[in-house]
Amino acid sequence: MTARQIIFNAFILFLCSYYTLITLTRISYVTTIHRYVSHGCKQSIYFHELKCNFNRQTLTPVSISPPDFNYNTDGYDGDAAEDHKSQDGSETMPFIDESPTMSPSLCARGPDGEAISPIPPEGLLPGVKKGLEMKKLVLSGFLASEEIYINQLEALLLPMRPLKATATTSQPVLTIQQVETIFYKIQDIFEIHKEFYDSLLPHIQQWDEKVAVGHLFKKLASQLGVYKAFVDNYKTAVETAEKCSQANTQFQKISEVSAGLSLSLARVPATLLYKPIDRVTRSTLVLHDLLKHTPKDHPDFPLLQDALRISQNFLSSINEEIDPRRTAITTPKGEARQLVKDGFLVEMSEGSRKLRHVFLFTDLLLCAKMKKTSAGRQQQYECKWYIPLADLTFQLLDDSDVCPHIQVLPEHEIEEIKIKISVIKSDIQKEKKALKGQSRNVERLRKKMNEQESWLLLHSPTIPFRIHNKHGKSYLFLLSSDYERSEWRESIQKLQKKDLQTCQLSSVELQVLTSSCCKLRTVHNIPVTSNKDDEETSGLYGFLHVIVHSAKGFKESANLYCTLEVDSYGYFVSKAKTRVFRDTTEPQWNEEFEIELEGSQCLRILCYEKCYDKTKLNKDDNEIVDIIMGKGQVQLDPQTVQSKNWHVDVIEMNGIKVEFSMKFTSRDLSLKRTPSKKQSGVFGVKISVVTKRERSKVPYIVRQCIEEVEKRGIDEVGIYRISGVATDIQALKAAFDTNSKDILVMLSDMDINAIAGTLKLYFRELPEPLLTDRLYPAFMEGIALSDPAAKENCMMHLLRSLPDPNLITFLSLLEHLKRVADKEPINKMSLHNLGTVFGPTLLRPSESEVTKGHITLASDIWSHDVMAQVQVLLYYLQHPPISFAELKRNTLYFSTDV
């Protein structure tokens, strides 16, 4: 028997041994990269999360889902598992998932080999000891996976030695250069991890509170240069293995032997060669979790921080090299296909809303949903439909086409859900702070919040995005943001500029492509708070003041304006709009806006060219189609925007530069009722003082603003909800405070939203609420009564108990708001909407009452109190007309003591 035959037989033996090994051992691993981006903000960038379970019969990697997240929406029962199926004979660098998501739990192995999550047992001591116990569990899980990893490296090194031996014979299976290329740096990596494992094992076996392992992780991180060399060679190594398999007859025979295992020889090294890349990211995840469970005064803490920093810097350095090659797959026809973009969208299907995961590939658009599976079963995507990009169009509907009715929920229902979500958030925080707070209660609340947030995400989008197949069928998505709609349209149009050919996938090809979506996706979870780690920032709550100054870079004169969007509850909402600056290339808006933030992390600015051609009417949303000239976004870094000074910034978009300034005011500061030092004005001055000075029953500012709104603003869409320009509001405030003679002229020329905003600001800045601090507890108790007769008596009695100026002003405002709501079909402002806008403004206690416990935290503004405040005003808005004279004449049914 020749040496070459000996090597050949040894390799066959290796394959059989490898098959036996992996059928006895279930391999699970989860990979994550963490890196820091600009402004010091931490962002998580994830490799595709894989949990591979090798099937005994087919040896095909099958997915095991990470911790489940119940979407509570159509077709989404949990987070998709990563599907690591073999799609072709090639292998590429693993893609990086740039979507922030929760850090998955590390998995250890149970007695039966199943992956188990290191959940601490019941009865663990709270605080430091519990954290150190969690640290031990994390380390134990990592040590178990480290042992598997070392075995995998050994399996990879096993054929290397005989292949090297035969390389020097007259008939080599591989040349020495090919062997060194395929197995480059594997031996070094093996030795590094073997030493690390041998050092870590005794520390875990002899665990106590004083055990330190940080120096071991720091040493491991300092040796990442070996991995850099491996990563640089990775693609070449895989390509070399593939070429050798195709060109060498001996490799072909080995492939025939392994064909019964559904695994080609080229796939063996490709699968194993992936492990070192995966391991770096796994180690980074472990460091992140170890820091979470290590006290800051523990000797390990600074060492683990250093190790994490080194690992993150290393992964950031290779990120850009990996990114261009990510998500590349090859179809059975040999066509190149890459995933360009994916995300969760709401589809209108058969008259109802469905949450879909949409995947944009280089040659087609695929719409999928998650298959419903029983607990513990692997999850996969189900393709609902796909359109080749060569057949996809965006043309508007013809007159003969029927535009389906889009059911839009009343805004008050959306606001009520937001209030419920905020109440649950508040309850979760209280539960965590309570000494007797049980994790079971927190999980129950999280599940409830997930249900509410998922419902909100499904029902809030209203902006239509229609996809047409030129061969017939059309599909309709609903988006919450014009920014998002523009991104999808631009991404598709960019791909369509290439010479695309239409494609028709067979059922097998479609199944393979759909199965690959779990591996290729870049957005893993629906964007709800319950899918975020506790350490991730909850965003900003309060008011963001934004001044849109100017824009430059336009090549031709146009009618230009900007809109501002911020994220809230997982989706983006348009909050403000500048005036249209006509026929210019350098618009100078210099307009200030006050935008309420509800857990917001990002500000978007879109620049439009106003289109006055009524023939370009968009039948989908019944609005003239304005052209987006550019768009951009900026992260709301708390350290930057919370300064007392204005922060000036520039957003560059398609060659256009928009200059703006912003300043943030936290909710606790913005909601303070601060009395004015100058009693000669009207803002911040008691209403009784103002009416006495003016010798009127209702303050002049209230009468004039109401009159102007009813004259020319009652038909304005979103009146009292849409923010007016802050600079205009401040100008009106100054005019009323100084009793300027030009007030009437200013009112007639001013934008109606600024006038509505001035009225809201007046009530918000009263030193005490219009319905008074003294009666506030009684209003809260009265609205909670169940018996209608008792509630009627109590609520009417409370009105009679108000001072006359407060009561008359309130009744005047009440009748005005009812007249506004009468125009709801036109202005879209219902009684519920108006109650949501004005309720907290008219009832929110002054700072002295806040300190008594009515509102304790800034983030509690959407709390039980706020829900009650809205309900109080809504009660009076829905009540038949209330007369001041009749109130005073009526006999009291119970004591006047309140």
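Values below: every heavy atom of this structure, side chains too, minus hydrogens, waters and symmetry copies.
- Checked by atom type, the side-chain pair Ser661/His647 shows no donor-acceptor distance below 3.5 Å.
- Checked by atom type, the side-chain pair Glu598/Ser568 shows a donor-acceptor distance below 3.5 Å.
- The NZ atom of Lys447 sits 13.0 Å away from atom CD of Gln452, with the distance rounded to the nearest 0.5 Å.
- No more than 12 heavy-atom neighbours from other residues, nucleotides or ligands sit within 6.0 angstrom of NZ on Lys448.
- Tyr561 and Tyr608 have parallel rings, their planes meeting at less than 30° on a 0 to 90° scale where 60° marks the start of perpendicular.
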**OP:** Step by step, work out the salt bridge (charged side-chain N to carboxylate O under 4.0 Å, His left out) result for Arg764 and Glu594.
**Re:** CA-CA 14 Å; Arg764 197 167 80 197; Glu594 183 183 74; 3.1 Å; yes
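- Atom CG of Leu603 is separated from atom CD1 of Ile605 by 5.0 Å, given to the nearest 0.5 angstrom.
- Within 6.0 Å of the NZ atom in Lys828, the count of heavy atoms belonging to other residues, nucleotides or ligands does not exceed 12.
- His357 places a side-chain heavy atom less than 4.5 Å from the side chain of Tyr381.
- Of all the heavy atoms in Gly632 and Ile651, the pair that sits closest is CA-CG2, 3.6 Å.
- Side-chain contact check for Leu495 versus Phe361: every heavy-atom pair is 4.5 Å or farther apart.
- Panel note: side chain Thr578, backbone Cys562; a donor-acceptor pair is recorded below 3.5 Å.
- For the salt bridge (charged side-chain N to carboxylate O under 4.0 Å, His left out) condition, the pairs that include at least one residue of residues 720-729, sequence neighbours left out, are Glu411-Arg721.
- A 4.5 Å side-chain heavy-atom check between Val523 and Phe344 finds at least one atom pair inside the cut-off.
- The pair Arg356-Glu347 counts as a salt bridge, with a side-chain nitrogen and a carboxylate oxygen less than 4.0 angstrom apart.
- In summary, Lys631 and Glu490 engage in a salt bridge, as defined by a charged side-chain N under 4.0 Å from a carboxylate O.
- The two residues Tyr541 and Lys425 make their nearest non-hydrogen contact at OH-NZ, 3.3 Å.
- Here OG of Ser550 is found 10.0 Å from CZ of Phe581. Values are rounded to the nearest 0.5 Å.
- Residues His549 and Asn590 meet the side-chain proximity criterion, which asks for heavy atoms closer than 4.5 Å.
- With hydrogens and angles left out, the side-chain atoms of Glu565 and Ser481 include a donor and acceptor closer than 3.5 Å.
- A side-chain donor-acceptor contact under 3.5 Å links Ser600 to the backbone of Asp567.
- With 3.5 Å as the limit, one finds no donor-acceptor pair spanning the side chains of Asn833 and Tyr720.
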**OP:** Report the C-alpha distance between Asn645 and Lys663 in whole Å, list the side-chain angles of each, state the deciding distance to 0.1 Å, and finish with yes or no for side chain to side chain contact (heavy atoms under 4.5 Å, CB included).
**Re:** CA-CA 7 Å; Asn645 301 320; Lys663 181 174 64 173; over 6 Å; no
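- Counting only N and O atoms by type, the side chains of Glu659 and Trp589 include no donor and acceptor under 3.5 Å apart.
- Side-chain contact check for Ile729 versus Thr758: some heavy-atom pair is nearer than 4.5 Å.
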Original post:
Would Leu366 and Val358 count as a side chain to side chain contact (heavy atoms under 4.5 Å, CB included) if you check the C-alpha gap in whole Å, the side-chain angles of each, and the deciding distance to 0.1 Å?
Top reply: CA-CA 6 Å; Leu366 184 144; Val358 181; over 6 Å; no
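- Ion pair Asp626/Lys610 flagged as a salt bridge, since at least one NZ, NE, NH1 or NH2 atom sits closer than 4.0 Å to an Asp/Glu carboxylate oxygen.
- Taking OG from Ser486 and CD1 from Ile628, the interatomic distance works out to 4.0 Å, rounded to the nearest 0.5 Å.
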**OP:** Assess whether ring pair (Phe, Tyr, Trp, His ring centres under 6.0 Å) is satisfied between Tyr475 and Trp385, documenting all intermediate values.
**Re:** CA-CA 10 Å; Tyr475 303 92; Trp385 52 264; 3.8 Å; yes
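- Thr284 contributes atom OG1, which lies 11.0 Å from atom CG of Asp289 (distance to the nearest 0.5 angstrom).
- Contact of the Lys577 side chain with the Phe593 side chain is not registered, since no non-hydrogen atoms from C-beta on lie closer than 4.5 Å.
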**OP:** Check the pair Phe359, Leu339 against side chain to side chain contact (heavy atoms under 4.5 Å, CB included), reporting the backbone distance first and the verdict last.
**Re:** CA-CA 7 Å; Phe359 297 85; Leu339 179 67; 3.9 Å; yes
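- Looking at heavy atoms from C-beta onward, Leu360 lies in side-chain contact with Leu389 at the 4.5 angstrom threshold.
- With hydrogens and angles ignored, the 3.5 Å screen pairs no side-chain donor or acceptor of Arg604 with any backbone N or O of Gln633.
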**OP:** Could you go through the side chain to side chain contact (heavy atoms under 4.5 Å, CB included) check for Phe543 and Phe664 one step at a time?
**Re:** CA-CA 6 Å; Phe543 293 90; Phe664 174 74; over 6 Å; no
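- Put simply, the side chain of Leu597 reaches to within 4.5 Å of the side chain of Leu636, judged on heavy atoms.
- Across all non-hydrogen atoms, the minimal contact from Ala551 to Ile656 is CB-CG2, 4.4 Å.
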